[in-house]
Each structure stands twice: as C-alpha cells, then as structure tokens.
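Below: the structure, in structure tokens.
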Amino acid sequence: MAGFASLSASSGLAAVGRSAIDTGTAAHPIRSRRNPHWKCEAANGIARPMHDIAYIRANPEAFDAALKRRGEKPVSHLVLERDSERRRIIQEVEGLRSEKKRLSGCFGQLASLGQGHTEEAMGFKIESIEIAKKLSVAEIELEKLDNLEDLLARLPNIPADDVPDGADEEDNVEVAVWGEKREFAFEPREHADIGPALGMDFETGAALSGARFTFLRGDIARLHRALAQFMLDKQTRENGYTECNPPVLVNNEAMYATDKLPKFAEDSFFGASERSRAQLFWEAMPTDFEEQMAQTEKGQFKDKMNAFFEAAPTKEDFWLIPTSEVPLTASVAGQIVDEPVEPIRLTAHTLCFRSEAGSAGRDTRGFIRQHQFEKVEMVSICRPEDSEAEHERMTACAEGILQALGLPYRKVLLCTGDMGFGAKKTYDLEVWLPGQGAYREISSCSNTGDFQARRMNARYKPEGEKKTRFVHTLNGSGLAVGRTLVAVMENYQQEDGSVTVPEALAPYMGGVEKLMPCP
RNA sequence: GGAGAGGUGGCAGAGUGGUCGAAUGCGCUGCACUCGAAAUGCAGUAUACGGGCAACCGUAUCGAGGGUUCGAAUCCCUCCCUCUCCGCCA
C-alpha cells in the first residue's frame with residue numbers, strides 16, 4: 001500500500017501546521033471547485049455539515065446563548081443572513097435550470113422530427129445558450145455562499161442544560177468519588193521513576209522515535225497487554241459491546257464525521273504517498289497562482305509557498321486515528337440503520353496517534369502523554385430518547401474497569417469550557433495517582449447528541465414514521481491502556497520498586513504476580 | 001504491482017445522446033375478489049434541498065469529480081471502489 005509505505009518517508013508523515021487551519025476560512029484563497037478541501041461534499045451521500053439550520057432560524061437567540069456558554073461569539077445573525085441569501089440564489093438557479101431544461105426539450109422535440117435547423121428550433125437553441133450564461137453566473141454566486149457550511153462546521157456542539165458553565169477545568173464539578181486511597185508506609189514514587197527498572201524504557205523510545213515515545217520490555221509489556229485484554233473482555237462479555245477491529249488509518253470523511261476535522265487537524269498525524277502529495281499540492285494551487293507569485297516580493301517567496309503547501313487539501317490522505325471513536329462511530333456514516341431499540345454498542349482496542357501540538361511542555365516526562373498509545377474505546381449509536389441513559393450506562397462501564405482493578409478514582413462532570421468540541425455533555429474519570437499525589441484523567445465519556453450524526457448523515461427510521469431521524473452517538477474510553485498501566489504501577493508499587501499485579505489480571509499474566517525491578 | 005470485467009432505485013436487472021428518476025421482475029403498502037388465506041387483478045412504493053397552510057410544484061441525484069453538447073445514465077478525461085486472474089507479501 002503506497003500510503004503506508006510512505007509513512008516512513010520524511011515528507012510523508014506530518015503533523016499539520018496551525019496555519020493550515022487558520023487559512024481554511026471563508027476568505028481561503030485556495031478553495032475552489034476542484035478543491036473541496038476537507039469539507040465533505042454532500043454529493044457522496046455521506047457528508048454534510050453541521051448544526052440544524054432550521055433550529056437556528058427558529059431560535060437564533062437561544063443558539064447564540066448556547067454558544068456564549070462555550071465562549072463562542074454570537075453568529076446567528078451572520079448565519080441567517082447568509083442562509084436567506086443562499087435560498088434566494090437557490091431559487092434563482094433552479095428557476096434558470098428549469099427554463100433551460102424546458103427550452104432544450106423544445107429543441108429536442110423539433111430535432112427529433114428532423115426540424116433541427118428551422119428558425120424556430122434555432123430560436124430555442126440560442127435562447128437556451130443565453131440562459132446557460134446567466135445560470136453559470138448564478139451558480140458561481142451560489143458556490144461562494146458555500147462557506148456557510150464552513151462556518152457551521154467550525155462551531156462546537158451546544159451544551160446540555162445540566163452542564164455547568166465554566167471557563168476551564170477549575171470549574172468542573174466532582175460528582176462521585178470511589179475507592180480508598182491506599183496508605184503507604186513509604187513515600188510513593190511516580191511511575192516515571194520506578195518504570196525504567198521495570199522495563200519501561202524512555203531512552204530507547206526517544207532514540208527510535210523521539211520525545212513522547214516509549215519502549216516497553218519484559219513483564220511490563222505483558223502487563224500492558226493484559227490490561228487491554230482484560231478491558232476488552234469486560235466490555236464484550238459483561239457489558240454487551242460488540243468487539244471490532246477497525247482500520248487505524250482513515251480518510252477525511254471519517255475524521256470529519258467525528259468532528260476531528262476541520263478544527264483539530266493540528267493534533268493529528270497523517271500519511272500520504274509522495275505521488276499524492278504532489279497531486280494535492282497541484283490541486284491546491286489557486287487558479288491565479290502565477291499572478292500571485294509574480295506579485296510576491298523578494299524574501300516573501302518562501303512564506304507564500306509555505307502557505308500553499310500547508311493549505312493543500314488532504315483529500316486522498318490517510319489520517320492516523322486519534323481514537324477508535326473515529327472508525328467505530330463513522331462505521332454508520334451515511335446509513336439508515338434499523339431502529340436501534342437496543343443501542344448499537346461497539347468496542348475496539350486500537351493504537352491511537354496524537355500530535356498534541358498544543359500541549360507542549362505538559363507531561364513531557366513519563367508515560368502519561370504519548371504520541372502513540374493504546375485505548376479500549378466504547379461507542380454507542382442510539383435513539384435520541386435513549387442517549388442520556390446510555391451516557392450514564394457507558395460511564396458506569398468505564399468505572400467498572402477501575403473498580404475491578406481496585407483503582408481509586410473520581411467522576412467529574414465537565415463544565416462548558418472544558419468539554420470537547422463535539423460533546424453535549426461529558427464525564428471524565430480521574431484515577432488517583434499516589435506518586436503524583438493527584439487525580440489524572442483516564443477516561444472521558446461523551447454524549448454528542450446528533451452532532452456527529454448530522455455531520456455524517458447517520459439516521460434511522462422510527463417504527464411507523466415516514467421521516468428519518470438522526471441517531472445519537474456516544475463515545476467513551478474504557479479505558480486508556482497506557483494511563484491505566486501508570487495507575488497500576490503507582491497504586492500497586494512496593495517499597496523495593498516492584499509492582500504487584502492486580503488480582504483481576506491474573507488470568508492474563510501467565511503466573512506473573514509481581515513485576516520485579518532489575519537492579 | 002500487471003491484465004481484464006464491472007459499479008443503475010430495498011434487491012435483481014434493462015437501458016449507448018432527446019419528455020429517463022429511469023423498462024421489467026422480486027419485495028413492500030393499499031384496494032378488489034374471498035368466510036378467511038393463497039392465487040389473481042388494480043393502484044402505489046427513493047432521497048435531499050428550495051417554494052407553498054396544504055394539495056402540490058421546482059431542482060438535484062444512475063460510484064465521485066471535471067469536460068463535450070441546445071440536451072448526458074448513455075460520449076471523453078481523472079479519481080475511488082468491487083470482482084476475476086497473475087505477481088509479491090505478514
């Protein structure tokens with residue numbers, strides 16, 4: 001596979017620069033008909049943006065108020081203005097098309113009678129060409145208004161009513177605390193300190209790949225695997241999730257569907273073949289490329305080229321998934337599923353890849369924040385009326401893992417300022433790390449409502465109704481494997497630097513009851 | 001990677017430039033016949049967007065994008081996907 005092979009090529013694997021995001025707006029000089037960028041064309045039947053325009057029309061104030069809770073500026077006036085303009089032009093375009101169709105039918109009728117060269121026929125033909133000219137003008141105008149979709153695609157989900165207002169994690173609300181924090185007879189150490197002697201080799205990871213990569217060796221690698229197996233078995237055997245093994249390289253549509261695009265490209269990795277990079281750049285060049293370059297002043301040339309490169313569309317690219325929420329959720333993209341009387345519950349254990357460009361400097365030490373990590377993910381697809389209950393259930397499924405492993409944690413309801421882009425409501429589970437003396441996020445369970453379903457056009461037809469409805473989608477970690485390993489290390493550490501294996505993992509450890517440090 | 005064949009409505013499957021959103025069959029829904037059912041007959045049966053209180057009207061969609069043409073499911077170009085054979089490979 002070309003795309004995969006090229007991942008190792010230096011120019012083939014890249015974190016997208018921030019400027020690629022900022023230039024992707026309405027004024028984008030590169031957007032063109034042949035360059036749909038990462039906007040999904042509605043034509044493919046899968047893709048569509050956004051918020052419910054009909055809702056915004058009916059409730060502009062409520063919409064803006066909701067956005068304000070998330071720290072966004074009001075946009076409804078802008079949206080509605082563009083919307084009405086768009087509808088006006090749609091009417092114009094459709095009227096012209098209709099007329100053109102009629103004229104060409106008239107001509108055709110005459111032509112089929114062998115009267116294609118009569119004055120009457122030529123009249124139809126000429127008039128039709130005239131209409132076509134007007135039509136193409138109107139169509140271009142309509143196309144310009146497509147940025148309404150961009151605008152909507154960049155707006156976050158509306159928070160649920162019971163989500164607390166707040167600016168950042170300080171304003172999150174603790175809703176439950178579970179487990180007894182262990183009393184240590186010695187000073188508990190951080191995992192990064194006891195890890196190296198147990199086979200958690202940061203140096204080799206860094207040598208092979210760079211910062212935020214780790215090489216696990218020996219029993220600790222086995223423990224890591226055991227954790228993943230344990231979680232997966234629990235979610236499939238006890239909690240009713242269907243085990244999946246999805247691709248970890250996905251296309252734009254899947255990323256867009258799960259709201260990782262267009263806004264968070266900088267957090268992701270992507271791979272592309274050399275051939276397609278070249279082609280993408282070619283497609284990204286604005287039609288007036290030569291003109292623009294001619295006007296570029298000395299010394300600005302490099303910047304200009306850079307801007308073109310970074311804004312190059314990612315169309316044929318593969319993205320490395322930041323979470324298997326992406327392929328699991330997008331697996332129903334574009335579909336009309338059977339009414340999910342019982343929610344569709346999917347789980348997978350996969351690698352995840354994150355560039356985390358924005359968090360440089362945080363957790364640089366240790367195994368907490370890696371570019372590559374493993375996670376067991378839960379995804380539910382359900383009816384709107386079931387999503388709140390399903391959200392509670394899913395969170396409980398994640399909690400069940402922590403409880404089975406005997407790891408103390410607390411459950412936090414995220415405030416508006418700390419929630420993810422696509423979330424309507426989110427619970428975080430934070431595990432107690434005695435070495436750090438802090439609670440750290442180990443799971444995040446979100447209800448996205450119909451936000452993702454709208455983006456990917458995933459619907460169901462309720463029994464006895466004619467119209468389809470959007471499904472609701474939920475996702476949650478159950479759990480992040482690497483961070484769970486960290487939690488086990490810190491909570492089960494002994495004074496001599498060894499780590500006791502939690503009982504629940506015994507069936508997966510082949511008789512290993514304790515990780516012993518190498519001297 | 002090479003060679004070939006394909007991609008049309010819920011399914012099967014016609015359609016190679018003109019009223020084709022698309023024959024026909026199956027499926028599904030309603031009605032008729034029937035004591036009831038089967039069989040039969042008749043009628044209906046895609047989605048999205050825009051307009052309209054509504055009946056309804058308009059537009060788009062035959063894998064995707066572009067082109068030729070007064071007019072494209074049909075012709076041309078590019079791409080994607082599926083299948084068969086060969087090669088390579090975990």
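Order of the sequence lines sets the chain letters (A, B, ...), proteins ahead of strands, with each chain counted from 1.
Residues passing the side chain to side chain contact (heavy atoms under 4.5 Å, CB included) test with Glu130(A) are Lys133(A), sequence neighbours excluded. For Pro60(A), the side chain to side chain contact (heavy atoms under 4.5 Å, CB included) partners are Ser76(A), Leu80(A), not counting sequence neighbours. With sequence neighbours excluded, no residue satisfies side chain to side chain contact (heavy atoms under 4.5 Å, CB included) with Glu61(A). The side chain to side chain contact (heavy atoms under 4.5 Å, CB included) search around Arg102(A) returns Glu99(A), Cys106(A), not counting sequence neighbours. For Phe202(A), there are no ring pair (Phe, Tyr, Trp, His ring centres under 6.0 Å) partners two or more places apart in sequence or in a different chain. A search for salt bridge (charged side-chain N to carboxylate O under 4.0 Å, His left out) contacts involving Glu342(A) returns Arg345(A), not counting sequence neighbours. With sequence neighbours left out, the salt bridge (charged side-chain N to carboxylate O under 4.0 Å, His left out) criterion links Glu388(A) to no other residue.
Rounded to an integer number of Å, the gap from Ile89(A) CD1 to rC49(B) C1' is 15 Å. What separates CD of Glu139(A) from P of rG66(B) is a distance of 10 Å, to the nearest Å. We find that CG of Leu142(A) is positioned 11 Å from C1' of rG50(B), with the value rounded to whole Å. Taking atom NZ of residue Lys133(A) and atom P of nucleotide rC70(B), one finds them 12 Å apart after rounding to whole Å. With rounding to whole Å, Leu135(A) atom CG is found 14 Å from rG58(B) atom C1'. At whole-Å resolution of the value, CD1 in Ile131(A) and C1' in rG58(B) are 15 Å apart. In this entry the distance linking CG of Leu103(A) with P of rU69(B) reads 18 Å, nearest Å. As rounded to whole Å, 13 Å separates atom C1' of rG51(B) from atom CZ of Arg86(A).
Atom name P, nucleotides rG21(B) and rG63(B): the rounded distance is 15 Å, in whole Å. Nucleotides rC28(B) and rC11(B) place their P atoms 15 Å apart, quoted to the nearest Å. When the C1' atom is compared between rG87(B) and rG1(B), the two are found 7 Å apart, to the nearest whole Å. Separating the C1' atom of rU8(B) from that of rC62(B) is a span of 4 Å, rounded to the nearest Å. rG7(B) and rG13(B) have their C1' atoms separated by 13 Å, given to the nearest Å. Rounded to whole Å, the separation between the P atoms of rU47(B) and rG9(B) comes to 14 Å. When the P atom is used for both rG51(B) and rA39(B), the distance is 46 Å, rounded to whole Å. Taking atom C1' in both rU45(B) and rC86(B), one finds a spacing of 46 Å when rounded to whole Å.
Within 4.0 Å (heavy atoms only), Phe107(A) reaches at least one base atom of the nucleic acid. Using a 4.0 Å heavy-atom distance criterion, Gln109(A) is classed as a base contact.
In this structure, Arg87(A) does not reach the rC49(B) phosphate: none of its side-chain N or O atoms is under 4.0 Å from OP1 or OP2. Considering only side-chain N and O atoms, Arg97(A) lies nowhere under 4.0 angstrom from the phosphate OP1 or OP2 of rU61(B). Between Lys101(A) and rA60(B), a side-chain N or O to OP1/OP2 separation shorter than 4.0 Å is present. Remark: Ser98(A) is not in phosphate contact with rG58(B), judged by side-chain N or O atoms under 4.0 Å from OP1 or OP2. For the pair Arg459(A) and rU47(B), the criterion of a side-chain N or O lying under 4.0 Å from OP1 or OP2 is not met.
For the pair Thr448(A) and Lys424(A), the minimum side-chain heavy-atom distance is 4.5 Å or more.
Taking only side-chain atoms of Gln91(A), from C-beta outward, the nucleotide of rU59(B), rG50(B), rU19(B) with the closest atom is rG50(B). The side chain of Ala111(A) approaches rG18(B) more closely than any other nucleotide in the set rC70(B), rG50(B), rG18(B). When distances are taken from the side chain of Glu94(A) to each of rU19(B), rC70(B), rC49(B), the shortest belongs to rC49(B).
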Exercise. Quick one: the dot-bracket string of RNA chain B, using Watson-Crick and G-U wobble pairs with both distances under 3.5 Å, [ ] for crossing pairs and | for bases paired to another strand.
Key: ((((((((.[[[..)..(.....]]]((((((.......))))))((((((....)))))).[[[[[..)....]]]]])))))))....
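Residues Glu72(A) and Arg70(A) are not paired through a salt bridge, judged by the lack of any N-O separation under 4.0 Å between the basic side chain and the carboxylate. Between Arg454(A) and Asp52(A), at least one side-chain nitrogen of the basic residue sits less than 4.0 Å from a carboxylate oxygen of the acidic one, meeting the salt-bridge criterion. Between Asp64(A) and Lys68(A) no salt bridge is recorded (no basic side-chain N to carboxylate O distance below 4.0 Å). Glu139(A) has a carboxylate O that lies under 4.0 Å from a charged side-chain N of Arg97(A), or vice versa, which qualifies the two as a salt bridge.
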Show each protein N/O and nucleotides 88-90 of chain B N/O combination with a separation under 3.5 Å, one pair to a line.
none

Using nucleotides 71-73 of chain B, report all nitrogen or oxygen pairs with the protein that are shorter than 3.5 Å.
unit_1: rG71(B); atom_1: O4'; unit_2: Ser104(A); atom_2: OG; d: 3.0

Name every donor-acceptor pair, under 3.5 Å, that has one atom in a side chain of residues 216-231 of chain A and the other anywhere in the protein, sequence neighbours excluded.
unit_1: Arg217(A); atom_1: NH1; unit_2: Asp201(A); atom_2: OD2; d: 3.3
unit_1: Arg217(A); atom_1: NH2; unit_2: Asp201(A); atom_2: OD2; d: 3.1
unit_1: Arg222(A); atom_1: NE; unit_2: Tyr508(A); atom_2: O; d: 3.4

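The nearest heavy atom of RNA chain B to Lys125(A) and to Gly108(A) marks one nucleotide each, and the one closer to the 5' end goes with Gly108(A).
Sorted pairs that involve residues 119-129 of chain A and meet side chain to side chain donor-acceptor pair (under 3.5 Å), not counting sequence neighbours, are lacking altogether.
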